[in-house]
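Structure, as structure tokens:
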Amino acid sequence: MAKQVKQLDRVIIRFAGDSGDGMQLTGDRFTQESAAFGNDLMTLPNFPAEIRAPQGTLPGVSSFQVHFADHDILTAGDSPDVLVAMNPAALKANLPDMKPGTSLIVDSHDFTARNLTKAGYADNPLEDSSLADYALSVVDLTGMTVEAVKEFGLSRKDAARAKNMFALGLLSWMYGRPIETTLAFLEKRFAKAPDIRDANLTAFKAGWNFGETTETFAVQYEIKPAPMSAGTYRNITGNLALAYGLVAGGVQSGLPIFLGTYPITPASDILHELSKHKRFGITTFQAEDEIAGIGAALGASFAGSLGVTSTSGPGIALKSETIGLAVMTELPLLVIDVQRGGPSTGLPTKTEQADLLQAMFGRNGEAPVPIVAPQSPGDCFDAAVEAIRIAVTYRTPVMLLSDGYLANGSEPWRIPELDELPEIDPAFATGTNHESVDKEGNAKPDFWPYLRDEETLARPWAIPGTAGLEHRIGGLEKGDGHGNISYDPGNHDYMVRIRQAKVDRIADSLPPLEVDDPSGKAKVLVLGWGSTYGPIGAACRRVRKAGYDVAQVHLRHLNPFPKDLGEILKQYDAVMVPEMNLGQLSLLIRAKYLVDVVGYNHVRGLPLKAAELAESITDLISTTTGTLDHDVHQEEVAR
Amino acid sequence: MTTTELPFPGLSGVPTTEDKLTGKDFTSDQEVRWCPGCGDYAVLKAVQSFLPDLGLRRENIVFVSGIGCSSRFPYYLETYGMHSIHGRAPAIATGIATSREDLSVWVVTGDGDALSIGGNHLIHAMRRNVNLKILLFNNRIYGLTKGQYSPTSEPGKVTKSTPAGSVDHPFNPVSLALGAEGTFVARTVDSDRKHLTSVLSAAAAHRGTALVEIYQNCPIFNDGAFDAIKQPDTKADAIIPLVQGEPIRFGVPQEDGKGSKGIVRSASGGVEVVQTADVAESDLLVHDAHADDPSTAFALSRLTDAGVLHQSPIGIFRQVQRPTYDDQAREQIVTASAGQGDQRQALASLISGGDTWTVV
Ligand code: SF4
């Protein structure tokens, strides 16, 4: 049967099922196929904190959303065009995100009385008219999978487990995805279990063939490749890009990386990845707790490695005292916080940006720490390299603020050429730097560990094994220059100020901010940081498409702020700061620049939605300029 | 060869020097600021005069401490040093020792630092057997915070924070170390320079974590806590000397010059104190710190009074070989790096791994 082929510019698909149904894998494979095809894309995995939440229940639903397009896109999409639901709970949990007219592909197999009750359905939604507003396709995916793989003699349970590959095959047909990467992947993944491998391959192909032959699906869709700048690309998650950034920072600085860490969601993948790359001289130390993780990392830095520790918000709380010690001892140290919903244990698998103030101020005393934040999954690579540059150059702990969305989300990433990476010079101290007078009044060459570089205000980094530079450092206040314990009031005041001045000095090394204001006529600026880059960018595009002017600036450096930020803020009549917290950057901006920014704050554990944000931006434009015909334009913006 | 002979396996990989260094070379220009009469002075002197014997380059020695009176130690030594934060010295030292085979790494800590706030790091360092020498100054009191009871204070102790007497049961640091899989566990006394030095030498020679508990008098807040083992009239009955290969005897010497008391295996499987007159010489327990099974060492450690100290075994309880964490971690890196080419090329191929596509 010849099928109709329809052109689309972009599609958002969400695969949803029980957390044991392999939805993350399914989504990931579809993503790889789309990447290989050349679409631009962004993904949003969403899974429960429990490894195996009760089967068939709403809390046990796991989903993976992929947005792919023939043009460049910035987010994983607000609401899906297509929902693939593997059971009643997956349908129920995700239906609220589906707009009328969107497509539902539902595996009917699990819609039994028992499973319907578990999901909280009184009646079977596939049989009453409750889904009438949607383009509903009901297919017995499980039944067809079991039928297709019966020749391999698997148990019914094992056979049914291949249903995710059947679904993937069907969707791959529907959107004309190249299937080679998935075939190769299955061959490799199940190489040790030939019958499972063959069942998965067969289910995948059966799904594809079903799409081609069935009358249930009359249309095949085509989404052309997106134009991208020249280069070699791969799809990459934030945690992987971050780990690669650490490897790169080690190579660029010539320093061995020492990761001292303790497993925590959603940061553990950084440990897993780095532990595979010992050939780069990388040591990974899984410590007894968060405190030992950072302690060992700081010890390694003292000894001449680049100490790194990775964690999420609750772990940062435990590491605070050691970060303070790193501030006092002025040693390079990278502290990675993959933020998740808080406070306390909070929402371990969900995203949030609510650790900014903890990163900024979460220590006793005046303890300034530079803060760097990546803006997209691929950008985690560059952000990690940048954080290492600052840590090594300025002899300071640096906080790298990723988040759960960046960590697990993915996008095509243009693989950088190595010459694009900065050179990082550890510039270890090799000789004495001062002339002291001994007890007999004779001059003698001496090493002063707190004598600073005039340009960076960094102190010398003299590592054990260097003869003649033996010295002691610690958490007690240091005397300026010589670094011995000092309780002198004037010295303390000076040292507090010089530590702050050193961090402020980093701003001298930062490039000017990029202001995205295509018309140059914007009166409203949207200022963001971290993973909200995508939703803010997408929202600004919508606003501009509807005919209005808006400017966007995104901060990579949260401490110190870039030098030109103050001037830029002054150029706009209103500034909006969207964040996944209750206004932490807003607070900092207000305090520092006395600009009365307008917050846009959601803390739902999910990325901001571009359409909603666009409406709020338009509102702000309208109240600022007082010129908009509000209702008409809102409709346009929200489209 | 015994482990106390040179070259020390515990120090293999640490560069040595031909220069004849002295205690003075290891003395920094900082004024020592402990209270007059503090036991810490004696330990500092012993360490300063013992370090040159190791024949190591001074710049390859690192002392790390936590917080407490004894943790000021690194400031007074002309080596590399870090006075860190409360309880965390073993963790910081683990990073130093793991990342650098060529350093001799020492931890100086106290009963509050090591056993209270830092208990977790202490036990895990011993479990991993990181190549660290941990000197645990036990004065059975909090000195720096001015006199609260510590995790080794005797039950009932009246202090500023326990006016009605402490109801905490104390740790026995040696028992704890043995339970934590420690491979070298010893106890010595601040005032016995000779014994202290011999234990430090053996600790330095040990490859792995060496835990040395040092009974240290705090004349200000807990004066006389160890008097029983220091006073000439009580000492013989209080110190149970552990000497490798020797039957364990103590107490006032008899005509044969040997102690009137001894240690034998008890019927319950532990050990007990007997009058040597009541048993045959051959029934006495011969001390064997090298025994694989730590049960006897543990049983010996239980002869220490938990309350006011009247009796305590002194010496090396356990000294066995087990691969160290840091050696193995470095070995994995060496294996992974063997025969691998240029790092930049490897980085380029790492980041361009996986499914890629090219846009022209
Ligand atoms: S308080 Fe006690 S332990 Fe501390 S320095 Fe004084 S005497 Fe020594």
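Only a predicted model underlies this, so the values are computations on that prediction, with no experimental measurement involved. Proteins come first, then strands; the chains are lettered A, B, ... in the order of their sequence lines, and each starts at number 1.
- Salt-bridge check for A/Arg414 with A/Glu420: passed, with a basic side-chain N closer than 4.0 Å to an acidic carboxylate O.
- Per-residue counts of heavy-atom pairs under 4.5 Å with chain A were compared for B/Pro15, B/Gly353, B/Ala338, B/Ala329; the largest is that of B/Gly353.
- The contact list for residues 100-113 of chain B toward chain A, using heavy atoms and a distance under 4.5 Å, reads B/Arg100, B/Leu103 by residue number.
- You'll find the ring centres of A/Phe68 and A/Phe37 outside the 6.0 Å limit.
- Side-chain contact of B/Ser352 with A/Arg234: a donor-acceptor pair under 3.5 Å is absent, judged by distance alone.
- Only the side chain of B/Gln30 has a heavy atom closer than 4.5 Å to any heavy atom of chain A.
- The pair A/Lys278-B/Glu331 does not meet the salt-bridge criterion, since no charged nitrogen lies less than 4.0 angstrom from a carboxylate oxygen.
- When only modelled atom types and interatomic distance are considered, B/Asn129 and B/Thr183 share a side-chain donor-acceptor pair under 3.5 Å.
- Of the two parts of B/Val360, only the backbone, made up of N, CA, C and O, holds a non-hydrogen atom closer than 4.5 Å to a non-hydrogen atom of chain A.
- Side-chain N/O atoms of B/Gln148 and B/Thr145 include a donor and acceptor closer than 3.5 Å.
- Residue A/Tyr262 places its OH atom among 12 or fewer non-hydrogen atoms of other residues, nucleotides or ligands, all under 6.0 Å distant.
- Of the two parts of B/Tyr325, only the side chain, counted from C-beta on, holds a non-hydrogen atom closer than 4.5 Å to a non-hydrogen atom of chain A.
- One finds a salt bridge joining A/Lys319 and A/Glu290 here, because a Lys/Arg side-chain nitrogen approaches an Asp/Glu carboxylate oxygen to under 4.0 Å.
- Between the side chains of A/Thr237 and A/Asn239, no donor-acceptor pair is found at a separation under 3.5 Å.
- With a 4.5 Å cut-off on non-hydrogen atoms, B/Arg128 touches chain A through its side chain but not through its backbone.
- For chain A, the option among B/Thr356, B/Asp355, B/Val334, B/Leu350 with the highest count of heavy-atom pairs below 4.5 Å is B/Leu350.
- Aromatic ring centroids of A/Trp413 and A/Tyr233 lie 6.0 Å or more apart.
- For residues 80-99 of chain B, the interface with chain A (any heavy-atom pair closer than 4.5 Å) comprises B/Tyr80, B/Gly81, B/Met82, B/His83, B/Ser84, B/Ile85, B/His86, B/Arg88, B/Ala91, B/Ile92, B/Thr94, B/Gly95, B/Ile96, B/Thr98, B/Ser99, sorted by residue number.
- For A/Ala184, no part lies under 4.5 angstrom from a heavy atom of chain B.
- Within the 4.5 Å cutoff, the side chain of A/Glu33 has no heavy atoms near those of the A/Glu180 side chain.
- Applying the side chain to side chain contact (heavy atoms under 4.5 Å, CB included) rule to B/Asn120 yields the partners A/Glu288, A/Asp289, B/Ile123, B/His124; only residues at least two apart in sequence or on another chain are considered.
- Salt bridge present: B/Asp327 and B/Arg207 bring a charged side-chain N and a carboxylate O closer than 4.0 Å.
- Of the atoms belonging to B/Leu77, it is backbone heavy atoms, and not side-chain ones, that fall under 4.5 Å from chain A.
- Chosen from B/Val14, B/Leu347, B/Val64, the residue pairing most often with chain A at heavy-atom distances under 4.5 Å is B/Leu347.
- Every side chain to side chain donor-acceptor pair (under 3.5 Å) that A/His277 has, sequence neighbours left out, goes to A/Glu273.
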